[in-house]
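Here is the structure we will look at.
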Amino acid sequence: MPELPEVEVVRAGLQPAVTGALVTGVEIFDERSLRRHVPAAGSFAEQLTGRRILAAVRRGKFLWLPLDSDRALVVHLGMSGQVLLRTPGAAEDRMLRIRLTLEHPTHGELWVNFVDQRIFGSMAVDAMGPTRDSLPGGYSGQPQADAAWQNRIPSQVAHIARDPIDPSFASNAFFAALARKNTGIKRALLDQNLISGIGNIYADEALFAARIHYEQPAASLSAAKARTLLAAVRTILQRALAEGGTSFDAQYVNVNGQSGYFAHSLEAYGRQGTPCSRCGTLIVREQFMNRGSHFCPRCQRLR
DNA sequence: CAGTTAACCTGTCAGC
DNA sequence: TGCTGACAGGTTAACT
């Protein structure tokens, strides 16, 4: 489940189920799902078994579960990852790669199934370090300023920029970086080191809402236009989150396997050949970065 | 530094 | 029915 809203749906679903739970079992069905695990301080299973989970945190499309060992279980869903909560003994999920068994003090025993068709996603145990700005590492539902994990971040997530719905997102620094970028605006929106959480769907939707062509040079946007774009990004992400994310099929689901509804609200992504909701011109799809860019050629002109 | 390409993978769908 | 090719929401490393 790729972009920010879909990952946040997963985080929010995990939080009440895993916070305070003890990891009692780890089963690995496909080692390739541990691609990002660095076995320096011990194997994946060794570092998890017997540890307690303290929270569920997200920055952009990265999710992590801080452990009582100053490490964290880092989860990235890649293109097709799912995290499913199951009652032990439930029927096997297809394409199950990793399973954790948890013992929660009040909810009892639980399976956390990591399912991933394409195996671009991964789980890893990683060391935590301080955040560069000494602010919270990401979004975790309830702020817990006194918690040791709060202002720390897994080493493999440290290079990822804050996302636009993070209260600590530095808008002015983002605008300044845009003004310095010698590249197209969509490439900049997809650059997770500049702003995180935006993928191909929401980049196209935000650019449509702000009426900006995807190849418009980032540095050429006026201050007002850049502000409009950031506001559009936030609005789209929040609306998508409120509707449970975007699902075209059973691939992108919450921890209970349910789809979101935002696909009905898409204005540009996947709508090539259908009329623009503003002017009736047919939406166009062009090849871009080995995928598609969808836009209205009339509303979104290159200037 | 910016941009391109390839690599990592499996499944689904359209067309023949 | 079966084959082939195109396509899919992401990230990273290597190269120009």
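Residue numbers start from 1 in every chain, and the chains themselves are labelled A, B, ... in the order their sequence lines are given, proteins ahead of strands.
When every heavy atom of Pro275(A) is checked against every heavy atom of Ile283(A), the shortest pair comes out as C-CG1, 4.4 Å. Heavy-atom minimum distance, Ala209(A) versus Ile236(A): CB-CD1, 4.4 Å. Nearest heavy atom pair, residue Ile198(A) against residue Ala203(A), reads CG2-N, 3.5 Å. Annotation for Ala206(A) and Leu229(A): closest pair O-CD1, 4.0 Å, computed over non-hydrogen atoms.
The distance from atom CD of Gln272(A) to atom P of dA8(C) is 9 Å, rounded to the nearest whole Å. Rounded to whole angstrom, the span from the CZ atom of Phe248(A) across to the P atom of dA8(C) amounts to 10 Å. Protein atom CZ of Arg187(A) is 15 Å distant from nucleotide atom P of dT11(C), rounded to whole Å. Summarising the geometry, the separation between CD1 on Ile198(A) and C1' on dT11(C) is reported as 16 Å, rounded to the nearest angstrom. A straight line from CG of Leu190(A) to C1' of dT12(C) spans 15 Å, rounded to a whole angstrom.
In DNA chain C, runs of at least 3 stacked Watson-Crick or G-U pairs (N1-N3 plus N6-O4 or O6-N4, or N1-O2 plus O6-N3, all under 3.5 Å) give these stems: B:2-8 with C:10-16, B:10-16 with C:2-8.
Within the 4.0 Å cut-off from OP1 or OP2 of dT11(C), at least one side-chain nitrogen or oxygen of His76(A) is found. In this model, the phosphate group of dG10(C) is not approached by any side-chain N or O of Gln192(A) to a distance below 4.0 Å at OP1 or OP2. Taking only side-chain nitrogens and oxygens, His159(A) never comes nearer than 4.0 Å to OP1 or OP2 of dT11(C).
Cation-pi geometry between Arg99(A) and Trp111(A) is satisfied (NZ or CZ under 6.0 Å from the ring centre, within 45° of the ring normal).
With a cutoff of under 4.0 Å to any heavy atom of chain A, the contacted region of DNA chain B is bounded 5' to 3' by dA2(B) to dT12(B).
Considering only residues two or more places apart in sequence or on other chains, Phe248(A) meets the ring-ring contact (aromatic ring centres under 6.0 Å, His included) condition with Tyr269(A). Every residue meeting the salt bridge (charged side-chain N to carboxylate O under 4.0 Å, His left out) condition with Arg162(A), not counting sequence neighbours, appears here in chain and number order: Asp133(A), Asp166(A). Judged as a side chain to side chain donor-acceptor pair (under 3.5 Å), and not counting sequence neighbours, Thr24(A) has no contacts. Among residues two or more places apart in sequence or in another chain, the salt bridge (charged side-chain N to carboxylate O under 4.0 Å, His left out) test is passed with Arg97(A) by Asp30(A). Residues passing the salt bridge (charged side-chain N to carboxylate O under 4.0 Å, His left out) test with Glu8(A) are Arg11(A), Arg58(A), sequence neighbours excluded.
Using modelled atom types, one finds no donor on one side chain facing an acceptor on the other under 3.5 Å when comparing Thr131(A) with Asn151(A).
Mapping Ile160(A) and Gly245(A) onto DNA chain C via the closest heavy atom, the residue that lands nearer the 5' end is Gly245(A).
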For nucleotides 13-16 of chain C, list the nitrogen or oxygen atoms of the protein found under 3.5 Å from its nitrogen or oxygen atoms, one pair per line.
none

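For Tyr269(A), whose side chain is taken as the heavy atoms from C-beta onward, the closest listed nucleotide among dG10(C), dT11(C), dA8(C) is dA8(C).
Inter-residue side-chain proximity for Asp204(A) and Lys186(A) is flagged as met; some heavy-atom pair is nearer than 4.5 Å. Considering only heavy atoms from C-beta on, Val253(A) stays 4.5 Å or farther from Gln258(A) through its side chain. Side-chain contact between Arg36(A) and Val74(A): absent, with no pair of heavy atoms (C-beta onward) separated by less than 4.5 Å. For the pair Ser265(A)/Arg239(A), a side-chain contact is recorded, criterion being any heavy-atom separation below 4.5 Å from C-beta on. At a threshold of 4.5 Å between non-hydrogen side-chain atoms, the residues His37(A) and Gln47(A) count as touching. Contact of the Phe208(A) side chain with the Ser277(A) side chain is registered, since non-hydrogen atoms from C-beta on lie closer than 4.5 Å.
Remark: the separation of the C1' atoms in dG3(B) and dG9(C) is 23 Å, to the nearest Å. Atom name P, nucleotides dT5(B) and dC7(C): the rounded distance is 15 Å, in whole Å.
Taken residue by residue, residues 26-37 of chain A places heavy atoms nearer than 4.0 Å to DNA chain B at Arg32(A), Arg35(A). Sorted by residue number, the members of residues 114-124 of chain A with any non-hydrogen atom under 4.0 Å from DNA chain B read Gln117(A), Arg118(A), Phe120(A). Applying a 4.0 Å cut-off to non-hydrogen atoms, none of the residues of residues 200-220 of chain A approaches DNA chain B.
A side-chain hydrogen bond (donor to acceptor under 3.5 Å, both in side chains) check over residues 278-291 of chain A, counting only residues at least two apart or in different chains, returns the pairs Tyr214(A)-Glu286(A).
Here Met289(A) lies out of heavy-atom contact (under 4.0 Å) with every strand.
Taking the charged nitrogens against the carboxylate oxygens, Asp163(A) and Lys61(A) have no contact shorter than 4.0 Å, which rules out a salt bridge.
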